[in-house]
Participant: 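I am attaching a structure below and will ask some questions about it afterwards.
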Amino acid sequence: MNISSSPDCCPGARPHATQVGAAVTKGSGRSARPAVGCPRDEDDGRLAFLGCLQLADSLFPTGLYTLSYGLESFAAETSVDPLTLEALLIDHLRHGVAPTDGIALAIAHRAATTDDLEMAERADTRLSAVKLPREQREAATRVGRALLNVSSKLFGNPHLPAYLARVRQGATPGNQAVALGLVLAGLGVPVEHAVATELYTMAAGFGAAAVRLGVTDHLVAQTMLHRVKPLIAEEAAAAPGRDIGEIGGCTPMIDIMAMRHERADVRLFTT
């Protein structure tokens, strides 16, 4: 990829890594930290896509891998097979995650692009209000704080430390979906792609939890993920047109099982 080595391509930017990669910090004997380069305009879409992959990866240190999205209670108390597993995931996406986290993420994305963090805070507060199980609320804000903390240090987005400060002051909950909307907007990810990233990450985590719980195997889990992709695309396209007052889901059985999980004697997952 032919990226200019001159800092003039981005006013105020530090020199490109090719200029400083071989430099040694004076007196320390250590290599200087490479600076971020200045991508060409045609590279923006590819870089945004890579940002989605990075944030959806379980390697990103937010703790999403500890969530089963209520599946652990279903596995312990009911008979879950591949057919009912897929139906449960569809209900989770269509009636739970998409109309709550998906809409809140889209609004946070809009807030970031219009420099209106107060809008993000209103969506954040509403999202916590509609998450009925205590474990889900706590997990969402725990992951959200971790996401804001790490991303503030990685991506140089001024909205992130400002929002993290508001979260630490107790002014706003800091839900993961809202944090992700702010982060992905700063990385130039289109809003529909940002919502799709959130929904796919949830579905992948649900499938991974099913495998770890022995409910299904990897092939069935991947087949399930493939089959719900059209639903994810449909919900991702719908979310940007919705407002704060529309944040709210309806998954009574999932919520009840999540509440039962709070009282379980033995738990592999935090939700």
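Computation of the quantities below employed the complete heavy-atom set of this structure, encompassing side-chain atoms and omitting hydrogens, waters and symmetry-equivalent molecules.
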Participant: Quick one, P82 and M224 - any side-chain contact, counting heavy atoms below 4.5 Å?
Facilitator: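 Heavy-atom side-chain distance check fails, nothing below 4.5 Å.
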Participant: Check the pair Q136, Y69 against side-chain contact (heavy atoms from CB on, under 4.5 Å), reporting the backbone distance first and the verdict last.
Facilitator: CA-CA 8 Å; Q136 287 186 3; Y69 305 95; over 6 Å; no
Participant: Looking at side-chain heavy atoms only, is the closest gap between V167 and L148 below 4.5 Å?
Facilitator: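 In contact.
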Participant: Are L105 and I244 grouped together when hydrophobic residues (ILVMFWY) are joined by side-chain heavy atoms under 4.5 angstrom apart?
Facilitator: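 As far as the 4.5 Å side-chain criterion goes, I244 and L105 are connected within one cluster.
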Participant: Mind checking what makes side-chain contact (heavy atoms from CB on, under 4.5 Å) contact with E235, not counting sequence neighbours?
Facilitator: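 side-chain contact (heavy atoms from CB on, under 4.5 Å) list for E235, sorted by chain: R94, A98, L199, L231, R242.
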Participant: Does the side chain of Q54 come within less than 4.5 Å of F155's, by heavy atoms?
Facilitator: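 The answer is yes, as the side chains (C-beta and beyond) meet within the 4.5 Å cut-off.
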Participant: Should F60 and S151 count as side-chain neighbours, where that means a heavy-atom distance under 4.5 Å?
Facilitator: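 F60 reaches S151 side chain to side chain.
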Participant: Over all heavy atoms of both residues, which pair between G70 and M257 is shortest? Give the atoms and the distance, please.
Facilitator: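 Taking every non-hydrogen atom into account, O-CB, 4.5 Å.
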Participant: Are P173 and L127 packed together at the side-chain level, in the sense that at least one heavy-atom pair is separated by less than 4.5 angstrom?
Facilitator: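 Not touching, per the 4.5 Å side-chain cut-off.
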Participant: Going through the distances and angles, do D101 and K131 end up as a side-chain contact (heavy atoms from CB on, under 4.5 Å)?
Facilitator: CA-CA 10 Å; D101 296 280; K131 287 184 180 290; 3.1 Å; yes
Participant: Answer yes or no: is there an ion pair linking R142 with E138, defined by an N-O contact shorter than 4.0 Å?
Facilitator: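 Salt bridge between R142 and E138, a charged N being under 4.0 Å from a carboxylate O: no.
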Participant: What's the separation between atom CD1 in I247 and atom CG in D124, rounded to the nearest 0.5 Å?
Facilitator: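 One finds 9.0 Å between CD1 of I247 and CG of D124.
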Participant: Mind telling me whether F206 and H92 have parallel, tilted or perpendicular rings, with 30° and 60° as the class edges?
Facilitator: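 Answer is perpendicular, since the angle exceeds 60°.
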Participant: On a heavy-atom basis, which atom in A179 and which in G144 lie closest, and how many Å separate them?
Facilitator: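 Residues A179 and G144, closest heavy atoms: CB-O, 3.9 Å.
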Participant: Please list, chain by chain and in numerical order, all residues satisfying salt bridge (charged side-chain N to carboxylate O under 4.0 Å, His left out) with R166, sequence neighbours excluded.
Facilitator: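 R166 satisfies salt bridge (charged side-chain N to carboxylate O under 4.0 Å, His left out) with E121 only.
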Participant: Please lay out, stage by stage, how V183 and N157 fare under the test side-chain contact (heavy atoms from CB on, under 4.5 Å).
Facilitator: CA-CA 8 Å; V183 173; N157 180 344; 5.9 Å; no
Participant: Would you say the side chain of R168 lies within less than 4.5 Å of the side chain of R145, judging by non-hydrogen atoms?
Facilitator: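 Yes, close enough: below the 4.5 Å cut-off.
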Participant: I'd like to know whether D243 forms a salt bridge (charged side-chain N to carboxylate O under 4.0 Å, His left out) with R110, so could you lay out the CA-CA distance, the side-chain angles of the two residues, the decisive distance to 0.1 Å, and finally the verdict.
Facilitator: CA-CA 11 Å; D243 294 319; R110 187 189 315 158; 3.8 Å; yes
Participant: Using 4.0 Å as the upper bound for N to carboxylate O, is an ion pair formed by R260 and D255?
Facilitator: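 Salt bridge flag = no for R260 with D255.
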Participant: For the residue pair V178 and A104, what are the closest heavy atoms and their distance?
Facilitator: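 Heavy atoms only, the tightest pair is CG2-CB, 4.2 Å.
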Participant: Checking side chain to side chain contact (heavy atoms under 4.5 Å, CB included) between C52 and each of L187, L180, D57, T197, which is the one that passes?
Facilitator: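 It is T197; the other options fail the test.
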Participant: Step by step, would you call L117 with L182 a side-chain contact (heavy atoms from CB on, under 4.5 Å)?
Facilitator: CA-CA 9 Å; L117 291 187; L182 297 175; 3.9 Å; yes
Participant: Would you say that E198 contacts Q176 through its side chain, given a criterion of any heavy-atom pair below 4.5 Å between the two side chains?
Facilitator: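 The answer is yes, as the side chains (C-beta and beyond) meet within the 4.5 Å cut-off.
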Participant: Which heavy-atom pair separates G102 from A239 by the least distance, and what is that distance?
Facilitator: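 Distance-wise, the nearest heavy atoms are O-CB, 3.9 Å.
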Participant: If you measure from CD on E246 to OG1 on T100, what distance do you get to the nearest 0.5 Å?
Facilitator: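 So the gap between those two atoms works out to 13.0 Å.
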Participant: Might you point out which heavy atoms bring H109 and A194 nearest each other, and give the distance in Å?
Facilitator: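 In terms of heavy atoms, the two residues are closest at CD2-CB, 4.0 Å.
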Participant: Can a side-chain donor-acceptor contact be found between T141 and N175 if the only test is distance below 3.5 angstrom?
Facilitator: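 Side-chain D/A pair, N175 to T141: absent.
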Participant: Give the minimum heavy-atom separation between G207 and A221, together with the two atoms involved.
Facilitator: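 In terms of heavy atoms, the two residues are closest at O-CB, 4.0 Å.
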Participant: Would a hydrophobic clustering, with Ile, Leu, Val, Met, Phe, Trp and Tyr connected at side-chain separations under 4.5 Å, put V220 with V228?
Facilitator: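 Not linked; separate clusters.
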Participant: Salt bridge (charged side-chain N to carboxylate O under 4.0 Å, His left out) with R137: which residues, sequence neighbours excluded?
Facilitator: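 Expected list: none.
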Participant: When you compare the side chain of F74 with that of L85, does any pair of heavy atoms fall below 4.5 Å?
Facilitator: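 Counting from C-beta outward, L85 and F74 never come under 4.5 Å.
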Participant: Which distance, rounded to the nearest 0.5 Å, do you find between the CG of L71 and the OG1 of T216?
Facilitator: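 Between atom CG of L71 and atom OG1 of T216 there are 10.5 Å.
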